[in-house]
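The structure under discussion appears below in the form of structure tokens.
Within every chain, numbering begins at 1; the chains are lettered A, B, ... in the order of the sequence lines, protein sequences first and strands thereafter.
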Amino acid sequence: MPKLKKSSNVDPKQLVSSTGNYWLLKSEPMVFSIDDLIKAPRQVTCWDGVRNYQARNILRDQMQVGDLALFHHSNAKPPAVVGVVQIARAGYPDHTAFDPENDHYDAKSHRAEPTWYMVDVKFVLKFAVPLSIQDLKQLPGLKKMMLLQRGSRLSVQPVRPAEFAVIVQAGCLVQHS
DNA sequence: GCCAACGTTGGC
DNA sequence: GCCAACGTTGGC
């Protein structure tokens with residue numbers, strides 16, 4: 001059993017959303033990973049390409065600047081929560097829907113009345129070790145977490161404050177060598 | 001590769 | 001509006 005200590009440069013107790021909102025954002029790491037975000041200019045990116053109405057409603061209506069979100073690598077081996085980001089800009093039209101060259105083009109979305117929205121996210125931290133779904137199932141208090149429900153597909157999900165706290169605490173532990 | 005759990009499409 | 005067929009997501 002390896003000893004664990006807290007990472008020196010991150011205090012998970014400081015990771016509290018001023019807005020009280022917490023989310024989880026899924027991304028396939030082959031498409032866009034947390035390392036891509038770390039390398040992005042100013043470590044900010046627009047969260048484009050969401051084409052699901054339930055997720056769109058969250059992006060457009062609920063996310064606020066300052067909200068914190070877990071960054072989840074979906075379709076990965078293994079799928080895992082890998083870090084934390086902060087909402088840097090609230091919902092605005094997803095312009096990739098207007099671009100016929102874009103993979104996420106949607107001919108039915110128009111600039112005057114956009115169908116799809118996105119937010120900007122800023123990198124906050126990368127966990128010392130990815131927390132796989134198997135890892136998460138071992139943690140206390142996550143039985144009802146949306147990500148862990150069977151068949152849960154929503155790519156933008158609400159996360160309860162207690163769930164966020166448990167996951168960030170676990171993610172900020174690093175192993176002694 | 002399988003399949004659960006949706007979401008979308010389109011005939012009626 | 002109903003619903004069967006099909007498509008997608010994403011864990012397993």
statement: Rounded to the nearest 0.5 angstrom, the CZ-OH distance for A:R60 and A:Y53 is 10.0 Å
- request: Kindly give the cluster partners of A:V65, where membership spreads through any ILVMFWY side chain lying under 4.5 Å from a current member.
  value: none
query: So, A:S33 and A:D36: side-chain donor and acceptor under 3.5 Å apart, yes or no?
result: yes
- request: Provide, to the nearest angstrom, the distance between the CD atom belonging to A:Q157 and the P atom belonging to C:dT9.
  value: 15 Å
statement: Side-chain atoms of A:S155 come closest, of C:dG11, C:dG10, B:dT8, to C:dG10
task: With heavy atoms under 4.0 Å as the rule, sort A:K77 into base, sugar-phosphate or nothing.
output: nothing
- prompt: For A:Q149, which contact category applies under a 4.0 Å heavy-atom criterion: base, sugar-phosphate, or nothing?
  reply: nothing
query: Quick one: which of B:dG7, C:dG11, B:dT9 gets closest to the side chain of A:H72?
result: C:dG11
statement: Against the side chain of A:Q134, the closest entry in B:dG7, C:dC12, C:dG10 is C:dC12
- prompt: Would you say a side-chain N or O of A:R153 is under 4.0 Å from OP1 or OP2 of B:dA4?
  reply: no
- request: Kindly say if A:K137 contacts the phosphate of C:dG11, meaning a side-chain N or O under 4.0 Å from OP1 or OP2.
  value: no
query: B:dC6 C1' sits how many Å from A:R150 CZ, rounded?
result: 13 Å
message: Quick check for you: among C:dG11, C:dT9, B:dA4, whose closest atom lies nearest to any side-chain atom of A:P79?
response: C:dG11
- request: Would you mind classifying the nucleic acid contact of A:H73 as base, sugar-phosphate or nothing, using non-hydrogen atoms under 4.0 angstrom?
  value: nothing
- prompt: Counting side-chain heavy atoms from C-beta on, which of B:dT8, C:dG11, B:dG7 comes nearest to A:Y53?
  reply: B:dT8
field: Proximity to the side chain of A:I133 - top-ranked nucleotide from C:dC12, B:dG7, C:dG10
entry: C:dC12
Side-chain ion pair, A:D94 and A:R51, N-O less than 4.0 Å: yes
task: Starting at atom CG of A:L154, determine the distance to atom P of C:dG11, rounded to an integer number of angstrom.
output: 13 Å
- prompt: Using the benzene-type ring in the case of Trp, are the ring centres of A:W47 and A:F71 under 6.0 Å apart?
  reply: yes
statement: Atom CG of A:D103 and atom P of C:dT9 are separated, to the nearest Å, by 12 Å
message: With a 4.0 Å limit, can you tell me whether A:K26 has a side-chain N or O closer than that to the phosphate oxygens OP1/OP2 of C:dG10?
response: yes
